[in-house]
Number of protein chains: 2
Amino acid sequence: MFKSYNIVCMKQDKEVTIYDIADYLNISAATVSRGLKDHPTINKKTKKKILEAAQKLGYRSNAFASNLRTKQSKTIGVIVPRLNSYFMSTVIAGIESIANEEGYQLIISQSQEDEQKEAANAITLFNSRVDGIMVSLAANTKTTDHFKPFLEKNIPIVYFDRVVETPDSLTISIDNYKAAFEVTQHLIDKGCKRILHLGGNVNRNVYADRLAGYKAALKQAGLPTPDNLVFFSNLSEDAGVEAANYINNLKQKPDAVFSANDTCAAYCMIRLKQLGYKIPGNFLFAGFNNDPISKVVEPNLTTIAYPGYPMGQIAATHLINHLKGIADISSTNSVLLRHELIVRASTQK
Amino acid sequence: MFKSYNIVCMKQDKEVTIYDIADYLNISAATVSRGLKDHPTINKKTKKKILEAAQKLGYRSNAFASNLRTKQSKTIGVIVPRLNSYFMSTVIAGIESIANEEGYQLIISQSQEDEQKEAANAITLFNSRVDGIMVSLAANTKTTDHFKPFLEKNIPIVYFDRVVETPDSLTISIDNYKAAFEVTQHLIDKGCKRILHLGGNVNRNVYADRLAGYKAALKQAGLPTPDNLVFFSNLSEDAGVEAANYINNLKQKPDAVFSANDTCAAYCMIRLKQLGYKIPGNFLFAGFNNDPISKVVEPNLTTIAYPGYPMGQIAATHLINHLKGIADISSTNSVLLRHELIVRASTQK
DNA sequence: TTGTAGGCGTTATCAT
DNA sequence: ATGATAACGCCTACAA
């Protein structure tokens, strides 16, 4: 009878608790709790006994109870505009690698480039009591009011890539201004005089800074920057095609194109080639991101490489160090990662 | 004095609980609890009062306490080989869209194509008491023993894309065999007689089935399948280059290449072009996945499209329906999604 | 329809 | 170094 009862017990959902371990070893639950952690005042031998018993009885700690008690979740929330872009998924991979190592869970959600959804996701994360959040902003996000609840509760926020400088939070990005300046300077060095820019939503730092860097380089070189040399879009594949058509219709053609991302650049190039233009013969081309397609499109695309994986790792490391009390986020305002100009055939005449 | 005390209170971490709401309204906490849910036996008016008071007091429900009590986490675990691949991130995006809608959180981890890490992640998810898991297997995973704890506790498992058929769990994939058969048949229809296959790790269904479909099509057409016409690799960019070199060294050249993914196909093509071959002149080419690069590489790559986003949505829907008791996973063995042969320039002589 | 009361599994504060 | 005990916030029989 006993035996079958036991078997039933094993098979059922009876979770083993620290009390079961305590009973089994004839000690108190408090001691078991200590033994399971790295509590300073615990006898090494009893700790060993406890660990063995836990193993033997099939114990697994109950995070809910622990979280309820300690009021922290060991969970980090992540909000990104889209998961299915090469760069973002690389960043997430980097974040995951650190979080996993440090024993933090990741709750990931996408804003679909929409401020409303970003706010909704923020609330959800807030309610699930994440210990901190990492955010890359949606294209149309105007304010960061929806993150205020976090600040009020001292839940740290790290912005990455598409950032906004605020007190109390950290931003991780590259120097988009400088990178764009360098690309543009590279085109100027190649002798270009009319460089067209394919720009993104200037609401976001990444695109505003790239535009500014582009303009600054032109200005420094004494080149004019007429309005019709900047073509704004969402930088999608379709936008690239439209940009090409736009260029085709321009009376005074540019001699180079600098796109704020590689996708738009690639599709613009492809369309221009269809229209009979030669690249780099008629236009030099440069993109941004070092997306996989930049190495496949013909001619290969000159671009700015910046490391998504490390960016994710660094962002996660800062956040977790802050949570662990090792380093304070608010002591640093922003971290700039190194970028690199990758010169390829599209700018080699 | 009072005022400043209150302000301090507001600013501090004093969380509002259902007891606070109860006190505020002079009702019991139990009623508040009911009011916050869709409990059948609650007065509509009191429910409204409760909701308003909750709003006013800044209440947010404590998932830990609730989870502890109800023993379910409203959380789904996801394990994928890599996050930073176009296909996977698209699937994840699909999963997220459904989970978010249904009020489930997602905990995501990557196995880095390693069975050990896959097992470790599984344990972590198990310990964090996810309600269910969704898995796409690592390349070198041999057994699914590390998922047994889930089955023992009746925690549902859905495998997607890189699946393994097991009782008690559901698999979501496409018919890789048929898709590969169709691609190969397409090449045969174009007059190809020696079709080389770039294959992946046959440990995984996706690659084994693609290989089998390829062989079956050849066999049906009465074409030989010598061993040296299959080149196995991890299908990376580098592997594509190696494959090209391999082809270059073959005495009897193939007249077509069918790669189990687009990346490998693209880099193989690029390298072959470097070596002076013409595509599609010397070799017709076909890939698999409809990766963004397939539309950019020249010539554009014939490939198999299959929808990652819907795959994620379907997998998540099945899992959640099972959790909600709407539909039982174990009543279905597998779901096959529709694929599509996309014919592009690389197979147009 | 609402209230009472007990417990979910842990950890922190005492005390021993 | 260990034990007893009281929370953490919520849910749910059961009683009223």
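In the text below, chain A, chain B and the rest are named by the order of the sequence lines, each starting its count at 1.
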Between A/R60 and A/E15, is the closest basic N to carboxylate O distance under 4.0 Å? yes
Is the distance from OP1 or OP2 of D/dC8 to the nearest side-chain N or O of A/T70 less than 4.0 Å? no
Taking the nucleotide of DNA chain C with the nearest heavy atom to each, does B/V32 or B/R69 sit closer to the 5' end? B/V32
Any donor-acceptor pair under 3.5 Å linking the side chain of A/N321 with the backbone of A/H318? no
A/S73 and A/D131 side chains, donor-acceptor separation under 3.5 Å: yes
Atom CG of B/N62 and atom P of C/dG9 are separated, to the nearest Å, by 16 Å
Sugar-phosphate only, base, or nothing, as touched by A/T17 at under 4.0 Å among non-hydrogen atoms: sugar-phosphate
d(CD1, B/I50; P, C/dT1) in whole Å: 13 Å
Mind calculating the distance between CG (B/L68) and C1' (C/dC8) to the nearest angstrom? 4 Å
Using a cut-off of strictly less than 4.0 Å, decide whether B/K47 has a side-chain nitrogen or oxygen near OP1 or OP2 of C/dT1. no
Send over the distance from A/K74 NZ to C/dT10 P, rounded to a whole Å. 17 Å
Considering only heavy atoms from C-beta outward, does the side chain of A/N100 approach that of B/N121 to under 4.5 Å? yes
Between B/K47 and B/E52, is there a salt bridge with N-O shorter than 4.0 Å? no
Checking D/dA4, C/dT1, D/dG9 against the side chain of B/T41 (C-beta onward), the nearest is C/dT1
Rounded to the nearest angstrom, tell me the gap between atom CG in A/N67 and atom P in C/dA12. 12 Å
Regarding the side chain of A/K71, the nearest nucleotide among D/dG9, C/dG9, C/dT4 is D/dG9
So, is B/T31 close to the C/dG3 phosphate, meaning a side-chain N or O under 4.0 Å from OP1 or OP2? yes
Quick one: does B/R60 reach the base of D/dG9 with a side-chain donor-acceptor pair under 3.5 Å? no
Taking any heavy-atom pair under 4.0 Å as a contact, classify B/F64: base, sugar-phosphate, or nothing. nothing
Per A/N43 side chain, nearest of listed nucleotides C/dT10, D/dG9, D/dA1: D/dA1
Picking from C/dT2, D/dT2, D/dT12, the nucleotide nearest the side-chain atoms of A/T46 would be D/dT2
Contact class for A/I42 (heavy atom, under 4.0 Å): base, sugar-phosphate, or nothing? sugar-phosphate
Any luck finding a side-chain donor-acceptor pair between B/S97 and B/Q313 under 3.5 Å? yes
Please classify the nucleic acid contact of B/S66 as base, sugar-phosphate, or nothing, using heavy-atom distances under 4.0 Å. sugar-phosphate
Nearest-Å distance for atom pair CD1/P, residues B/I21 and C/dT2: 15 Å
Within this structure, what is the NZ-to-P distance between A/K48 and D/dA1, rounded to whole angstrom? 18 Å
Can you check whether any acceptor in the base of D/dG3 is under 3.5 Å from a donor in the side chain of A/R34, or vice versa? yes
Using a cut-off of less than 4.0 Å, is there contact between a side-chain N or O of B/S33 and OP1 or OP2 of D/dC11? yes
Would you say A/Y19 reaches D/dA4's phosphate, i.e. side-chain N/O to OP1/OP2 under 4.0 Å? no
Between B/K37 and D/dC10, does any side-chain N or O lie under 4.0 Å from OP1 or OP2? no
Report the distance from atom CG of B/D23 to atom P of C/dG3, rounded to the nearest whole Å. 12 Å
